Protein chains: 2
Amino acid sequence: MVKLSDVAALAGVSPAAVSRVLSGDTTLRVSEGTRQRVMAAAQQLDYVPNHAARSLRTSRTSTIALVVPDVTSAVFAELARGAEDEAGARGLAIVLGRAERLHDDRDWLRRLVGEGRIDGVILQLPDGTPPADLESLVVQDTPIVVINSVDDGPLSTIVLDDAAGIRLAMDHLRRLGHTDIGFIGGLLGSATGARREAAFRAAMAEAGLSPEEAWMTRLGYAGTDGRAAAVRLLESATLPTALVVANLNAALGVLAEIHDRDLRVPGDISIVAMHDVWYADATWPPITTVRMPLSELGAAAVVALADSGSGVIHTVLDSPAPQLVVRRSTAAPRAGG
Amino acid sequence: MVKLSDVAALAGVSPAAVSRVLSGDTTLRVSEGTRQRVMAAAQQLDYVPNHAARSLRTSRTSTIALVVPDVTSAVFAELARGAEDEAGARGLAIVLGRAERLHDDRDWLRRLVGEGRIDGVILQLPDGTPPADLESLVVQDTPIVVINSVDDGPLSTIVLDDAAGIRLAMDHLRRLGHTDIGFIGGLLGSATGARREAAFRAAMAEAGLSPEEAWMTRLGYAGTDGRAAAVRLLESATLPTALVVANLNAALGVLAEIHDRDLRVPGDISIVAMHDVWYADATWPPITTVRMPLSELGAAAVVALADSGSGVIHTVLDSPAPQLVVRRSTAAPRAGG
DNA sequence: TTGACGTGATAAATCGATTTACCATAGGGT
DNA sequence: ACCCTATGGTAAATCGATTTATCACGTCAA
């Protein structure tokens with residue numbers, strides 16, 4: 001590996017000069033000729049600064065950790081994509097971690113931070129993690145951004161505009177003429193779940209409707225959770241004509257269960273789900289969704305970390321605004337429904 | 001941050017002694033008492049070695065890069081999970097990269113390696129990447145393992161046992177009585193696609209059947225590719241009674257298109273797909289799949305890198321063996337079919 | 001002639017852990 | 001008394017980039 005002193009030798013200057021030229025030190029006074037020679041030498045030798053050395057000296061690592069509950073959810077994947085792009089553009093690397101580690105190996109994050117390996121952490125907690133667990137994560141001096149979870153507390157947070165998303169879904173159903181609307185939500189105690197449910201209730205109230213509690217579940221966002229919710233909901237004496245599902249993954253489960261009972265979508269029940277990923281368009285019928293700015297959330301988290309120093313922030317990411325993607329799982333309620 | 005010399009001071013020994021005790025240097029002779037004091041001091045101060053310093057001195061980074069084409073595929077996600085677990089167990093960190101970068105920013109990998117930031121690379125190329133592109137990736141001295149793609153060449157490779165997987169799917173269909181079987185494959189020119197198609201043809205031949213070329217497509221693994229393949233295939237004058245789909249994501253697309261034409265699965269057509277991820281169980285009907293050891297593949301790649309030095313290897317991961325997961329998308333062919 | 005000042009650099013310390021080469025001291029054998 | 005060896009460590013160089021403090025040299029003014 002070619003190093004700083006090699007470049008210095010070739011350019012006929014000191015290592016100090018090379019370092020300062022290449023890093024754009026403005027307090028350095030240098031003649032244009034020397035600058036050119038340094039640049040040329042670096043180019044010619046294909047010089048790349050050694051990361052460990054730089055990091056040791058500056059105690060900055062240009063690396064952030066992305067900790068997520070479930071790599072297998074496409075919702076996470078969108079997030080990761082946004083984070084990865086933004087990080088790439090800023091010359092930051094992203095190290096991946098699964099949130100389970102936080103429990104299996106409580107020292108894991110501490111160690112990562114202690115080793116001085118990362119400058120900051122983007123953390124998405126498993127839904128339903130008690131807020132108290134959050135506080136135990138406050139590690140000395142290392143900036144943490146909690147995303148898509150709580151929206152206050154001692155750590156910085158960025159959340160999606162869940163309320164706007166739900167409102168969009170509800171407007172769509174209302175415009176189609178639905179009044180008997182159920183809600184399949186996140187886990188009881190999950191922050192996003194609470195926000196989405198509150199938004200649902202608000203939208204119902206605004207429409208002069210009162211939600212039917214038998215049509216409301218809080219079992220979680222996974223496909224199996226959605227299926228379990230559908231099982232429970234479809235036991236009711238009467239059925240809703242439409243469902244708002246708080247997560248697309250859960251909606252797949254709901255759909256499967258509905259098929260299993262030989263009900264038709266949207267003939268018997270319309271479905272609209274939060275989050276738009278590729279398989280919303282590959283189910284039968286394709287699912288009407290609300291596209292939330294997930295990749296932008298990932299990017300925003302990186303930005304927040306990179307620009308941090310401004311202390312703790314609490315942001316609602318409301319731009320780009322949630323967007324309704326109408327597919328074939330929603331239609332007007334069955335006549336006489 | 002507490003450092004080595006702090007521990008040394010507390011234990012009353014030299015930094016050298018502490019380093020050698022903590023890293024288990026066997027050539028060091030040290031009294032039991034001293035060893036205890038060092039251990040106790042390290043524990044008491046909650047000492048964690050600085051990664052940059054260690055890395056600078058040893059020029060090893062305990063970090064590997066995982067480069068994948070598409071974060072949004074659950075197939076990748078399984079892979080990442082396996083890699084992450086194995087890496088975690090070995091104290092390695094994983095930095096995430098998207099394969100697109102290799103094209104957008106051709107220096108990206110070079111820079112990562114040049115900075116001395118990673119010890120090795122696990123690389124899954126986008127399907128259809130010409131093998132020539134591979135060779136341009138050979139970076140000086142940095143071990144690369146190419147997974148789930150080519151199975152020879154100048155770089156180490158690990159691939160799934162595609163043939164065994166396809167064979168399992170075919171056996172299942174044959175036992176149900178199918179003879180008119182179509183194949184929805186990967187991209188023409190993709191290594192996995194070629195292996196799976198060859199295995200399909202071999203299985204057909206073995207059963208004394210000759211494949212109907214109109215029932216074979218090579219459009220890719222994504223959901224939309226599957227749908228496009230189904231569109232083409234369903235135009236045929238006669239239809240197969242069963243389909244082997246080389247990727248579950250594509251199978252979702254196939255299923256959607258079949259529904260769209262009011263055909264029944266498995267009534268009119270049975271479907272079996274490669275790769276078993278959660279949403280195989282959340283479609284309608286749930287899809288019969290072949291579970292390939294994806295997370296094990298990720299783990300194996302990490303092991304290969306960690307233990308490398310043995311030079312270039314070419315491995316077929318045949319254990320655990322592929323496993324048939326029977327769901328409701330397969331049944332005996334329609335009578336008179 | 002002296003001093004002051006601007007210009008264009010560089011020397012050397014520093015970040016923290018690792019590792020090679022070396023050194024005291026005590027005990028044993030002849 | 002003398003050498004030899006084993007025991008239990010330590011001193012100091014090293015990895016490569018950054019940064020602070022300093023310096024040599026001209027030039028211009030008084």
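Quick note: numbers below take in every heavy atom, side chains included, and nothing from hydrogens, waters or symmetry partners. Since we're looking at a predicted model, the values are computed, not measured. All chains are named by letter (A, B, ...) in the order of the sequence lines, taking the proteins before the strands, and each is independently numbered beginning at 1.
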**Request:** Check side-chain hydrogen bond (donor to acceptor under 3.5 Å, both in side chains) between Ser23(B) and all other residues, then give those that pass, not counting sequence neighbours.
**Result:** none
**Asked** Is there a side-chain contact between Gln124(A) and Leu79(A) (heavy atoms, below 4.5 Å)?
**Response** yes
**Message:** With a 4.5 Å cut-off on side-chain heavy atoms, are Asp152(B) and Thr157(B) touching?
**Reply:** no
Would you say the side-chain atoms of [X] and [Y] include a donor-acceptor pair closer than 3.5 Å?
X        : Y         : value
Arg90(A) : Ser62(A)  : no
Ser73(B) : Tyr221(B) : no
Ser55(B) : Arg117(B) : no

**Request:** Apply side chain to side chain contact (heavy atoms under 4.5 Å, CB included) to the pair Asp70(B) and Trp278(A), showing each step before the final yes or no.
**Result:** CA-CA 12 Å; Asp70(B) 178 14; Trp278(A) 70 267; 6.0 Å; no
**Request:** Go through residues 12-44 of chain A and report each residue with a non-hydrogen atom lying under 4.0 Å from DNA chain D, sorted by number.
**Result:** Ala16(A), Ser19(A), Arg20(A)
**Message:** At a heavy-atom distance below 4.0 Å, which nucleotide of DNA chain D is the first touched by chain B, and which is the last?
**Reply:** dT7(D) to dG16(D)
